[in-house]
There are 2 protein chains.
Amino acid sequence: MSKQISSVWTREPRPARTPGRSREEIVRATLDLLDTEGLDGLSMRKLGARLGSGATTIYWYVENKDELLELAYNEVWGEIVLPDPEEPGWREAVSAFAHSMRAAMLRHPWVGSLIGRLPALGPNALSLADRLRKAFTLAGFKGLDIDYANAALTAYVFGMVIPEIAWEASMGGEELDQESMNETFQKVAKDFPDLLERVVEVNAKISDTDALRETSFAFGLATMLDGLEARLRA
Amino acid sequence: MSKQISSVWTREPRPARTPGRSREEIVRATLDLLDTEGLDGLSMRKLGARLGSGATTIYWYVENKDELLELAYNEVWGEIVLPDPEEPGWREAVSAFAHSMRAAMLRHPWVGSLIGRLPALGPNALSLADRLRKAFTLAGFKGLDIDYANAALTAYVFGMVIPEIAWEASMGGEELDQESMNETFQKVAKDFPDLLERVVEVNAKISDTDALRETSFAFGLATMLDGLEARLRA
DNA sequence: ACCTGAACACCGTTCAAGT
DNA sequence: ACCTGAACACCGTTCAAGT
């Protein structure tokens with residue numbers, strides 16, 4: 001028993017006699033709290049209250065708050081769908097996976113702050129990695145390239161969605177109309193006239209921010225997949 | 001004056017008479033504290049102590065802690081280098097940028113938790129976006145494709161490095177030898193024999209984790225750039 | 001085996017008061 | 001104009017004590 005990574009998943013879980021409370025129940029409440037009140041809204045005391053127990057009861061089921069977050073994190077991974085790559089072809093399967101991953105992250109924006117802090121070692125994350133590996137193997141990748149392709153694709157999704165989440169958060173949940181958007185940029189980007197002009201121009205042309213983001217996501221995804229296909233031919 | 005995004009950069013800064021203390025000095029101290037003690041190590045009280053003042057003095061220069069973090073975040077963007085794309089060609093310039101961005105993030109791992117929480121509206125981020133736009137314009141991208149290319153590339157870098165940071169953090173600064181690495185995975189991935197076998201195999205072959213990560217980064221970067229070039233030809 | 005409340009050592013932020 | 005300390009409303013976590 002040498003040094004280990006600190007994670008819920010490296011510890012043996014409690015036998016889970018499940019008398020009244022259970023780890024399952026706690027995770028569900030945690031997810032609830034995170035989804036409604038965000039990462040800052042989650043505290044052991046609030047969680048305890050929601051479970052009708054003392055805050056410190058939770059420490060019986062979980063070593064600390066980070067473990068709780070790892071458990072919740074794992075649930076998000078469980079929501080991501082990867083279709084069977086045999087049937088529609090690997091590119092379609094992987095593309096659907098990417099969109100599903102983006103949707104899951106946007107549904108649970110608090111993951112944006114977790115990805116840089118907690119490792120994804122839960123069964124759901126590993127299962128997905130396993131299936132993604134199979135998709136890329138089927139595509140024709142060999143050896144380490146399978147893992148590289150894996151990493152590259154998920155990295156792209158992470159990297160697109162994480163700043164999306166930050167953007168959403170900074171608007172505090174309120175929709176920003178086009179005018180105040182431009183006002184903000186005028187203030188912020190006044191030393192970068194080219195950039196500013198560009199943003200105002202785009203804003204004028206495209207009113208639906210969500211659609212723009214989706215298009216941008218699709219562009220980069222197609223680009224990444226094209227690149228992967230090119231590597232397959234080489 | 002309609003609704004604005006909440007950010008340091010949308011407020012007029014203090015006149016900055018700079019008698020004793022200054023925003024500059026505070027930002028430097030903040031960076032110091034973040035780099036040595038991490039995001040959790042930064043508190044207004046500790047920062048005040050480091051500046052030889054009361055904790056609440058900082059609130060004269062900054063509205064709240066998030067603004068402080070935005071200021072620090074901006075500094076990191078300032079460290080990223082983007083070579084003149086005219087000279088070595090856009091692909092080389094953009095590639096150097098990506099590596100420089102990764103290096104800056106690894107130097108300041110706390111950014112990993114910020115990217116999903118704070119918008120990057122500081123002058124350094126905008127200046128970089130401006131220059132990156134120019135590089136992609138020079139490459140031959142037109143209209144919105146310039147912005148899409150921009151987003152895709154930076155997303156890739158973000159997405160690769162952020163989990164790298166999480167991984168590093170979860171090892172608590174200690175190097176993990178190969179054996180305990182395998183031990184960890186055996187515990188965690190016991191339900192995914194293929195994945196497990198693969199990881200152990202790779203670990204046996206490649207001892208230098210840093211080098212593996214760099215290779216993986218280079219692979220995805222090349223893939224993304226290939227994809228972008230393909231789009232240019234289309 | 002499970003749950004509790006008190007207690008400890010922290011937080012960010014407000015604000016009246018000082019110079 | 002700038003800085004202060006006290007105070008408020010929180011935190012995560014430990015631990016002796018309860019059932």
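Not measured: the values here are computed from a predicted model. Naming convention: chains lettered A, B, ... in sequence-line order (proteins, then strands); numbering from 1 in each chain.
A:R45 is linked by a side-chain contact (heavy atoms from CB on, under 4.5 Å) to A:S43, A:A55, counting only residues two or more places apart in sequence or in another chain. By the side-chain contact (heavy atoms from CB on, under 4.5 Å) test, B:N74 is found to be paired with B:W9, B:P123, B:N124, residues two or more places apart in sequence or in another chain being considered. Remark: A:D32 pairs with A:R50 by the side-chain contact (heavy atoms from CB on, under 4.5 Å) rule, at least two apart or across chains. Taking B:R213 as the reference, B:E164, B:E168, B:D210 meet the salt bridge (charged side-chain N to carboxylate O under 4.0 Å, His left out) condition, with sequence neighbours excluded. Residues meeting the side-chain contact (heavy atoms from CB on, under 4.5 Å) test with B:Q178, sequence neighbours left out: B:N203, B:S207. Listed by chain and residue number, B:H99, B:Y156 satisfy the ring pair (Phe, Tyr, Trp, His ring centres under 6.0 Å) test with B:F217 (two or more places apart in sequence, or in another chain).
Each salt bridge (Lys or Arg N to Asp or Glu O under 4.0 Å) pair with one or both residues in residues 69-82 of chain B, not counting sequence neighbours, appears once here: B:E79-B:R107. Screening residues 179-204 of chain B for ring-ring contact (aromatic ring centres under 6.0 Å, His included), with sequence neighbours left out, gives no hits. Residue pairs meeting the salt bridge (Lys or Arg N to Asp or Glu O under 4.0 Å) criterion with at least one partner in residues 147-157 of chain A, sequence neighbours excluded, are A:R133-A:D147, A:D147-B:R198.
Annotation: proximity of residues 46-58 of chain A to DNA chain C (heavy atom, distance under 4.0 Å) is found for A:S53, A:G54, A:T56, A:T57, numbered in ascending order. Near DNA chain D, meaning a heavy atom under 4.0 Å away, the residues from residues 28-43 of chain A are A:L42, A:S43.
To the nearest angstrom, C1' of C:dA16 lies 17 Å from OH of B:Y59.
Base-pairing analysis of DNA chain D finds the following stems of at least three consecutive Watson-Crick or G-U pairs, with both pairing distances under 3.5 Å: C:4-8 with D:12-16, C:12-16 with D:4-8.
Crowding of A:D40 atom CG: a count of heavy atoms from other residues, nucleotides or ligands under 6.0 Å not exceeding 12.
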